[in-house]
Amino acid sequence: MPTNEDLAELLFPDVTLTIDDLEKRYPARQLPEGAQVTRFAPSPTGFLHTGSLFTALISYTIAKKSGGVYFFRLEDTDTKRTIEGSGDLLIRELAEFGIVADEGYFPDGDKGEYGPYQQSKRRDIYRAVIKELIKRGRAYPDFCTPEDLDAIRKFQEANKILPGYYGDYARDRNLTVEERIKRIKEGTPWVIRFRSNGNHDQKTKFVDAIRGEIELQDNDTDVVILKSDGLPTYHFAHVCDDHFMRTTIITRGEEWIPSTPIHLDMFRALGWKAPKYAHIPSIMKLDHGNKRKLSKRKDPEAAVSYFLDMGYCPRALLVYLMSIANSNFEEWSIAHKSFDLSAFPFSMKKISMDGALFDEGKLNYFGKEVIASLPLNELFAEVSSYAKAHDAEFYARIEKEPEYVKRILNIEKDRKTPRKDYAKYSDIYPLIRYFFRDEWEKIEASGIPFSDKVDRATVKKVLLELSDKMEFGVDEATWWNGVKKIGESYGFAISNKDYKANPSAFTGSISDCAELLRLAITGSTQSPNLHEVLEILGKAEVAYRLGKVAASL
RNA sequence: GGCCCGUUGGAGAAGUGGCUUAACUCAUAUCCCUUUCAAGGAUACAUUCAUGGGUUCGAAUCCCGUACGGGUCACCA
């Protein structure tokens, strides 16, 4: 009588590695008490998803906070969906956010003692474990074709029976070893399925680090663990890899909750201690009044690169995501005047259980706060690298006059309440174009939108006199007094109250006078502090602009 | 359809039986400050915690049902 032992040898004659060998090869990690080992394990099927960044941020934070290890594993077992080079893309994008793994897969080679960190290179490990599972009778070769499975499912659906490969519907579950050996020798294609001992009428409980106790129906389906292409399925690879990589807590999307009993079932069958689980909520979006998961295909904001291309500061996105993960982050951040995520006392229990709606308004708020908090040199460096990649025109100007651009970026920056008008780097150039002569010429050519409040002849005279008499190199109060004096001589009320009390007695209020100046210099009724703008442009440039505008009136 | 998870203001949410006349942040509105804007300051914005029952002297907080939303039932992860 042939045994499972014989079956295993027939299936994997070349496998001599054992689970014992593997246990020795990947010894328990020597980590301090409480240190957590976490991981980010994406499949290389495209760009970095916003939800993935969220999960990665949480994994990374848990490891760092506990003095543990955060590693990166590439789950490339789905050869059909794998996109060449996307694993490296993922790493690069993560790196932009400062999320760099302690160990794992890297474009230039693995780092760490628990590798390989790429599932397609772990075939020997999976095969070794599966061989033993077969010997123990906990896994078996299954000969169903896709058509067979389809027929089973159709039958179940038609009869309103729970679909799946389990119990009586697990066609090849109870084949004799002899029969299996015979079919294999005949060359029948096979996959390996896990033999579940579970009872669907019973419950399995596990404690989720975010949700607390979750109770689910026990797994009783015999899932495929080794596909016909020789690669494992996620279910098996997760159990195997996270055991031998000594992961202590699995952070993954909440869509995995329903399959957790399968994983627990396998951990039990292998006699391994299951890790803790933390199922992270998905980030949602409102679509026609309904919440739905951010979609890779439909939503541009599902791609992290969208924010990078838009010029959001990576830290702003990270800070925003952290405010979703732990809503008390905002209070902490304000109290400590800091956006340093590594200093924030992150708590897994404070992660909310339902998916947050992505709120671009709030991202913008953080964007402004973060950019305003950046020291000038850092801001300048970030803006330069953004412009280099996304805005050739702006970048050319930065290259040509770095100090000039720095002065512009520094406007109202060193105050107790710094200027906050850039939510993202792409907001900057359109707002500061007028600082450059040729751009200003274009603005001027299209017509300065003076209001009709003050007649043009007066406007012209005021601008000319301003050009002639305005002081440069003095403090703001002195400069402003000078402007007021000139304004007053043309009938502008220096006090807004006086003006409001009797508008007809004046040419306008002093703000109207300032508006003329502002309009001529910047082309807009809105600008940052005029005095600083004037000082940056310099007397000659201001005189040029004023003269040219006046001449056109 | 089965199973699981969730439901506090426009958004993120605090709150786990009396201290809540429901914190804080964003958004919005109004006002103040002000040479414009961005800020900054102040005020307003849930008579009520999806809903119906129940437990209790007392419930957003505990229990049950219902509704709604999300997820999952692959040789995809």
Side-chain angles (χ1 to χ4, degrees), chain A residues 41-43 45 75-78 80-81 142 144-146 149-150 153 157 160-165 189-193 200 208 211 214-217 221 223-229 231-235 237-238 252-261 279 281-282 284 286 289-293 320 323-331 333-335 350 352-366 368 372 411-412 415-422 431 476 480 483-484 487 492 494 496 509-515 517-519 522 524-531:
Chain A
S43 48
T45 52
E75 308 220 321
D76 56 347
T77 55
D78 185 350
K80 287 179 224 70
R81 289 201 313 152
D142 180 270
C144 287
T145 62
L149 294 173
D150 208 44
R153 212 196 59 244
E157 277 169 6
K160 298 202 190 309
I161 303 165
L162 223 123
Y165 200 82
W190 48 267
V191 298
I192 303 294
R193 301 190 97 109
H200 197 67
D208 185 279
R211 285 156 213 272
I214 295 180
E215 200 177 62
L216 290 149
Q217 284 175 332
T221 73
V223 294
V224 171
I225 56 179
L226 194 71
K227 300 181 285 181
S228 53
D229 62 4
L231 255 12
T233 55
Y234 170 87
H235 297 123
H238 152 232
R252 47 150 60 153
E254 63 181 340
E255 67 272 18
W256 289 106
I257 292 175
S259 41
T260 307
H279 288 99
S282 331
M284 314 293 276
L286 214 50
N290 281 121
K291 261 183 163 187
R292 48 151 250 254
K293 218 168 135 179
Y320 169 63
S323 83
I324 289 179
N326 272 194
S327 74
N328 58 318
F329 172 78
E330 287 182 69
E331 267 181 87
S333 170
I334 290 165
K350 285 190 169 140
S352 87
M353 295 180 231
D354 58 340
L357 244 28
F358 192 88
D359 184 351
E360 202 154 348
K362 197 139 193 178
L363 206 214
N364 282 327
Y365 160 75
F366 282 120
K368 287 183 182 182
I411 295 174
E412 296 177 78
R415 311 188 165 192
K416 338 92 227 149
T417 58
R419 188 159 190 91
K420 295 175 186 168
D421 44 6
Y422 311 133
L431 288 173
E476 184 169 356
W480 179 238
V483 172
K484 279 203 281 195
F492 288 97
I494 14 181
N496 244 319
S509 80
I510 195 65
S511 20
D512 295 319
C513 179
E515 185 180 285
L517 217 205
R518 189 184 318 276
L519 234 16
T522 71
S524 166
T525 55
Q526 302 167 4
S527 83
N529 182 286
L530 240 195
H531 178 244

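Chain letters run A, B, ... following the sequence lines, proteins first, then strands; residues in each count from 1.
- Taking atom CE of residue A/Met353 and atom P of nucleotide B/C5, one finds them 11 Å apart after rounding to whole Å.
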Working for side-chain contact (heavy atoms from CB on, under 4.5 Å), residues A/Cys144 and A/Tyr165: CA-CA 11 Å; A/Cys144 287; A/Tyr165 200 82; 3.6 Å; yes
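- The OH-C1' distance, from A/Tyr365 to B/C26, rounds to 7 Å in whole Å.
- Although no hydrogens or angles enter the test, the distance criterion places no donor-acceptor pair under 3.5 Å between the side chain of A/Ser333 and the main chain of A/Phe329.
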Where protein sits on nucleotides 69-77 of chain B, one letter per nucleotide: B base, S sugar-phosphate only, - none, heavy atoms under 4.0 Å: SSSSS-BBB
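- Look at A/Ser352 and you'll find a side-chain N or O under 4.0 angstrom from OP1 or OP2 of B/A13.
- Along RNA chain B, the nucleotide nearest A/Ser527 and the nucleotide nearest A/Ile324 are compared for position; the residue whose nucleotide lies closer to the 5' end is A/Ile324.
- Taking atom CG of A/Leu286 as the reference point, atom P of B/G9 lies 14 Å away to the nearest angstrom.
- For B/G10 and B/U28, the C1' atoms lie 8 Å apart once the distance is rounded to whole Å.
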Where each pair must be Watson-Crick or G-U wobble with both distances under 3.5 Å, what dot-bracket representation of RNA chain B is obtained, with crossing pairs in [ ] and other-strand partners as |? ((((((((.[[[..)..(.....]]].(((((.......))))).....[[[[[..)....]]]]])))))))....
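- Remark: P of B/A39 and OH of A/Tyr422 are 13 Å apart, rounded to the nearest angstrom.
- The CD-P distance, from A/Glu331 to B/G15, rounds to 10 Å in whole Å.
- Under the 4.0 Å criterion applied to side-chain N and carboxylate O atoms, A/Arg518 and A/Glu515 are not assigned as salt-bridge partners.
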Please tabulate, one pair per line, each protein N/O and nucleotide N/O from nucleotides 32-35 of chain B that are separated by under 3.5 Å, including the distance.
unit_1 : atom_1 : unit_2   : atom_2 : d
B/U35  : O2     : A/Arg518 : NH2    : 2.9
B/U35  : O4     : A/Glu476 : OE2    : 2.6

A/Tyr320/A/Asp359 under side-chain contact (heavy atoms from CB on, under 4.5 Å): CA gap, chis, key distance, verdict: CA-CA 9 Å; A/Tyr320 169 63; A/Asp359 184 351; 3.5 Å; yes
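- In this entry the distance linking OH of A/Tyr320 with P of B/U25 reads 17 Å, nearest Å.
- Side-chain atoms of A/Ile257 and A/Ile214, non-hydrogen and from C-beta on, do get closer than 4.5 Å to each other.
- Distances shorter than 4.0 Å separate none of the side-chain N or O atoms of A/Lys350 from OP1 or OP2 on B/A14.
- Nearest-nucleotide mapping onto RNA chain B: of A/Glu215 and A/Thr525, the residue sitting toward the 5' end is A/Glu215.
- Side chains of A/Val223 and A/Arg193 form no contact here, defined as non-hydrogen atoms less than 4.5 Å apart.
- In this structure, a donor-acceptor pair under 3.5 Å is absent between the side chains of A/Ser524 and A/Thr522.
- The closest side-chain donor-acceptor pair between A/Ser282 and A/Glu254 falls under 3.5 angstrom.
- The closest side-chain heavy-atom distance from A/Tyr234 to A/Glu75 is below 4.5 Å.
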